[in-house]
Amino acid sequence: MNDFSFEDMKQIKRKNLGSEVPLELFRAIRLIGMYQGLPSGGKGTTMTIGRKIGQSLPVTTVEELLQLLEDLKIGIPHIISSTERSMHIAVEDCFCEGLPAHEGQMVCDLEGAIMEGALSKIYNKRVTAKEVKCNVNGDERCEYELRF
C-alpha cells in the first residue's frame, strides 16, 4: 500500500455528511480510545503519529505552520518567545478547552508532536516538543516548549 499524503486528505467526496466531524468524536478517539486505551496514556503512539503528520504538512515557514494549525481548527497558536535554540508556543481555543479539569494531566501531546514534526522539516534539524500547560490540567491555555 502506498503512503497517504496530506494532500490526499483533502480529497473529500461525502455528498450527504460533508467534510467535518464533531469535536466530541475527535475527543473520544483521543481521550477515550488512545489516552485511556493505550499503555502510558498513548503518549508514544500520539508522539509518533503527530511527528509524521507534522512532517507531511505543506508548510515551509513557521508562519505558514501557525496559520495552518488555525485553519485546521487545531487551535489558535502564537509564539510567546523564540530564541536560536527554542520556541515557546501558546495555543488558545485548543480541542481540550471546556473539558473537566484533571489536575496533573496533560493531554495535548499530539498537537505538540505535530509542531515538532513540522518544525523539524522547516529547520532541517531535530526538534523536541514538551507540553508545559494544558486546559485539562486547569491552566488557562495549552503551551509548548520546543527545543532545537
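What you see is a predicted model, and the numbers here were worked out from it, not measured in a lab.
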query = Does Phe26 belong to the same Ile/Leu/Val/Met/Phe/Trp/Tyr cluster as Ile76, with side-chain heavy atoms less than 4.5 Å apart forming each link?
reply = no

inquiry  = A side-chain contact here means heavy atoms from C-beta on lying under 4.5 Å apart; do Glu131 and Cys142 qualify?
reply    = yes

request  = Start with the C-alpha gap between Lys130 and Glu145, add the side-chain angles, then the distance that decides, and say whether salt bridge (charged side-chain N to carboxylate O under 4.0 Å, His left out) holds.
outcome  = CA-CA 5 Å; Lys130 180 180 180 187; Glu145 287 285 343; over 6 Å; no

message = Salt bridge check, Glu24 against Arg27: does any charged N sit closer than 4.0 Å to a carboxylate O?
response = no

inquiry  = Could you check whether any side-chain heavy atom of Tyr144 comes within less than 4.5 Å of a side-chain heavy atom of Cys108, counting everything from C-beta outward?
reply    = yes

request  = Considering non-hydrogen atoms only, spot the tightest contact between Gln55 and Gly117 and give its length.
outcome  = CG-O, 3.5 Å

ask   = If you round to the nearest 0.5 Å, how far is OG1 of Thr46 from CE of Met34?
value = 5.5 Å

key: Glu103, CD: over 12 other non-hydrogen atoms inside 6.0 angstrom   = no

Heavy-atom closest pair, residues Leu17 and Arg14 = CB-NH2, 3.1 Å

ask   = Any side-chain heavy atom of Leu66 within less than 4.5 Å of one from Ile79?
value = yes

query = Are Ile114 and Leu57 close enough that some pair of their side-chain heavy atoms sits under 4.5 Å apart?
reply = yes

key: Min side-chain heavy-atom separation Leu119-Val62 under 4.5 Å   = yes

ask   = Short question: side chain of Ser5, backbone of Asp8 - any donor-acceptor pair under 3.5 Å?
value = yes

His102 NE2 to Tyr35 OH distance, which is reported to the nearest 0.5 Å = 8.5 Å

Common cluster, Leu69/Phe6, ILVMFWY with side-chain heavy-atom separation under 4.5 Å = yes

query = Between Ser120 and Glu116, does any side-chain donor sit less than 3.5 Å from a side-chain acceptor?
reply = no

remark   = Tightest non-hydrogen contact, residues Leu110 and Ile49, listed as CD1-CG2, 3.9 Å

task = Might you work through the side chain to side chain contact (heavy atoms under 4.5 Å, CB included) test for Glu20 and Lys73, ending with a clear yes or no?
result = CA-CA 11 Å; Glu20 297 186 15; Lys73 298 184 180 182; 4.0 Å; yes

ask   = Does His88 reach the side chain of Val132, with side-chain heavy atoms less than 4.5 Å apart?
value = yes

ask   = Distance only, no hydrogens: is a donor on one side chain within 3.5 Å (strictly under) of an acceptor on the other, for Ser86 and Thr83?
value = yes

key: Heavy-atom pair with the smallest gap, counting every atom of Ile89 and Leu146   = CD1-CD1, 3.6 Å

inquiry  = Quick check for you: to the nearest 0.5 Å, what is the distance between Cys134 atom SG and Glu143 atom CD?
reply    = 11.0 Å

inquiry  = Please say yes or no: joined through hydrophobic side-chain contacts below 4.5 Å, possibly via intermediate residues, are Leu72 and Ile122 part of one cluster?
reply    = yes

request  = Indicate, with yes or no, if Val21 and Ile29 share a hydrophobic cluster defined by side-chain heavy-atom contacts under 4.5 Å among Ile, Leu, Val, Met, Phe, Trp and Tyr.
outcome  = yes

ask   = Using 4.0 Å as the upper bound for N to carboxylate O, is an ion pair formed by Glu111 and Arg30?
value = yes

Pairwise distance CZ(Arg141) to CD(Glu97) - rounded to 0.5 angstrom = 11.0 Å

task = Would you give the length of the straight line joining atom CD of Gln36 to atom CG of Leu31, rounded to the nearest 0.5 angstrom?
result = 7.5 Å

task = Could you state whether Val91 and Met106 fall into the same hydrophobic cluster, counting links through intermediate Ile, Leu, Val, Met, Phe, Trp or Tyr residues with side-chain heavy atoms under 4.5 angstrom apart?
result = no

request  = Could you tell me the separation between the CE atom of Met115 and the CE atom of Met87, rounded to the nearest 0.5 Å?
outcome  = 10.0 Å

task = Flag yes if more than 12 heavy atoms outside Lys43 fall under 6.0 Å of its NZ atom; otherwise flag no.
result = yes

query = With a 4.5 Å heavy-atom cut-off, do Phe95 and Ile74 have their side chains touching?
reply = no

